[in-house]
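Data first, discussion second: the structure below is written as structure tokens.
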Amino acid sequence: MSIIIHIDMDYFFAQVEERENPRFKDKPVVVGADPKEGKGRGVVSTCNYEARKYGVKSGMPISKSYQLAPHAIFLPVNMNFYKKVSASVFKVIEGCAKRMEKVSLDEAYLDVTKEAGSFKKAKEKALKIKEGIFKKENLTCTAGVGENKMMAKIACELAKPNGLKVILPSETNKILSSMDVAVIPGIGPRTKEKIKNYLKEKEVKIKDAKRIKKSELENLFGKRGKDFFYKFRGKDDSPVVENRETKSVGREHTFAEDTKDAEKIMKTYKKLITSTLLSVRRKKLKIKGVVVTCRFEDFDTHTKQVSFKVGDYSEEDLYKKSLPLLLGFLMKNKKIRLIGFRSLVVES
DNA sequence: TTTCCCTTCACGG
DNA sequence: CTAACGCCGTGAAGGGAAA
């Protein structure tokens, strides 16, 4: 049995924007792609709760969010600024717990099994973190405490925004039973659909999903199926990992309009390589391969990959090695929507 | 036979 | 045109080639 705290900054990017510009408060704020009067091709990155009242959500096409809330304040993603704020927030968190896994700019898991020793102490620690972040950065977050990563995350979801919730092991099964299967991390729309079809039900709660045998889940979902079987019962043995190794670094670009213009594509392609290589070098990584992605006008998406000897490579090297992959895509007589370049890397 | 490579799929933030 | 859909990164499946 572990004691895990999950910390999640509330509507992070939008909250930072509100802080920088207090007159945005009480108004719907949408951070994401340029809506371009409803013609934009990007998506919503984050929005505040005022915008959510209109049905706007993160991940939604920006064009749809514009239909739902044309009067909202639409802001571009100021990633460099959010990164700085995030670094400051993480300093607070690091000061409070030894074992910390950074999930993203605005989320972390803390394994406080040893330091806290009890759920009561863990709750106090979580409150301290919330206060520390608010004092330093004037931003709110939500904390969840549970017996493992999954339960900490679910507790956090239930308490948002600006909340703090503990789910005791004795409460775990009762709380899960009436929840939708999709609250389980790793169960997305596809997996949920498959489970619904398998049980021939319109909606599936976790108590219903528990009727499925472990062997059936394994047949349906392979090794993930076994994890699901245990997760339905509140069990998750995935560890808090402090330093994940970077496996790949890449960039991709969607054109404003689908294109066949080879010159335009090449120009963009070279920029993707340059930018990727910059990141690779900043992180002092060695390259062992490249992947080229192409999405055509009909959304058909393909990748081509080639591996080579681990080493340091120049922009020209990467260009030469990957060009045949890209040309393979240009041969097709279809307009291109997106191209991507990714380096497979190893830490040196 | 085992391991590695390539491609796709699904997911999460 | 009743769907619209970015950018980044991970893990796993499944088929085939290489060692």
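Being a predicted model, the structure only gives us computed values, none of them experimental. Numbered from 1 within each chain, the chains take letters A, B, ... in sequence-line order.
- Nucleotides B:dA10 and C:dC5 have their C1' atoms positioned 16 Å apart, rounded to a whole Å.
- Counting non-hydrogen atoms under 4.0 angstrom, A:K288 reaches nothing in the nucleic acid.
- With 3.5 Å as the limit, one finds no donor-acceptor pair spanning the side chains of A:D8 and A:H6.
- Backbone-only engagement by A:E107 is indicated by non-hydrogen atom pairs under 4.0 Å involving sugar-phosphate atoms exclusively.
- Counting non-hydrogen atoms under 4.0 angstrom, A:T303 reaches a base of the nucleic acid.
- For the pair A:K192 NZ and B:dG12 P, the interatomic distance rounds to 12 Å; values are reported in whole Å.
- When heavy atoms are screened at a 4.0 angstrom cut-off, A:E245 is found touching the sugar-phosphate backbone but no base atom.
- For the pair A:E347 (side chain) and A:T246 (backbone), a donor-acceptor distance under 3.5 Å is present.
- For A:K283, taking side-chain heavy atoms from C-beta onward, the closest of the listed nucleotides C:dG6, C:dG9, C:dC7 is C:dG9.
- Using a 3.5 Å distance cut-off with no hydrogens or angles, the side chains of A:Y313 and A:S343 do not pair a donor with an acceptor.
- If you take NZ of A:K226 and C1' of C:dA12, they are 15 Å apart, rounded to a whole angstrom.
- The distance between atom CZ of A:R295 and atom P of C:dC8, rounded to the nearest whole Å, is 12 Å.
- For the residue pair A:R41 / A:T254, no side-chain donor-acceptor distance below 3.5 Å is found, with atom types taken as modelled.
- Summarising the geometry, the separation between CG on A:L338 and P on C:dC8 is reported as 9 Å, rounded to the nearest angstrom.
- Here A:V291 lies out of heavy-atom contact (under 4.0 Å) with every strand.
- Using a 4.0 Å heavy-atom distance criterion, A:K64 is classed as a base contact.
- Using a 4.5 Å cut-off on side-chain heavy atoms (C-beta onward), A:Y49 and A:K160 make contact.
- To the nearest angstrom, P of C:dA4 lies 17 Å from NZ of A:K57.
- Comparing C:dA4, C:dC8, C:dG6 by their closest approach to the side chain of A:V43 singles out C:dG6.
- Among the heavy atoms of the strands lying under 4.0 Å from A:I187 are primed sugar atoms or P, OP1, OP2 only; no base atom is included.
- Among the heavy atoms of the strands lying under 4.0 Å from A:G250 are primed sugar atoms or P, OP1, OP2 only; no base atom is included.
- Using a 4.0 Å heavy-atom cutoff across all strands shown, A:T191 reaches sugar-phosphate atoms only and no base atom.
- Rounded to an integer number of Å, the gap from A:K223 NZ to C:dA13 P is 7 Å.
- Using a 4.0 Å heavy-atom criterion, one finds that A:T246 contacts the sugar-phosphate atoms exclusively.
- In this structure, CD of A:E297 is placed 19 Å from P of C:dA3, rounded to the nearest angstrom.
- Between A:F329 atom CZ and B:dT7 atom C1' there is a gap of 10 Å when expressed in whole angstrom units.
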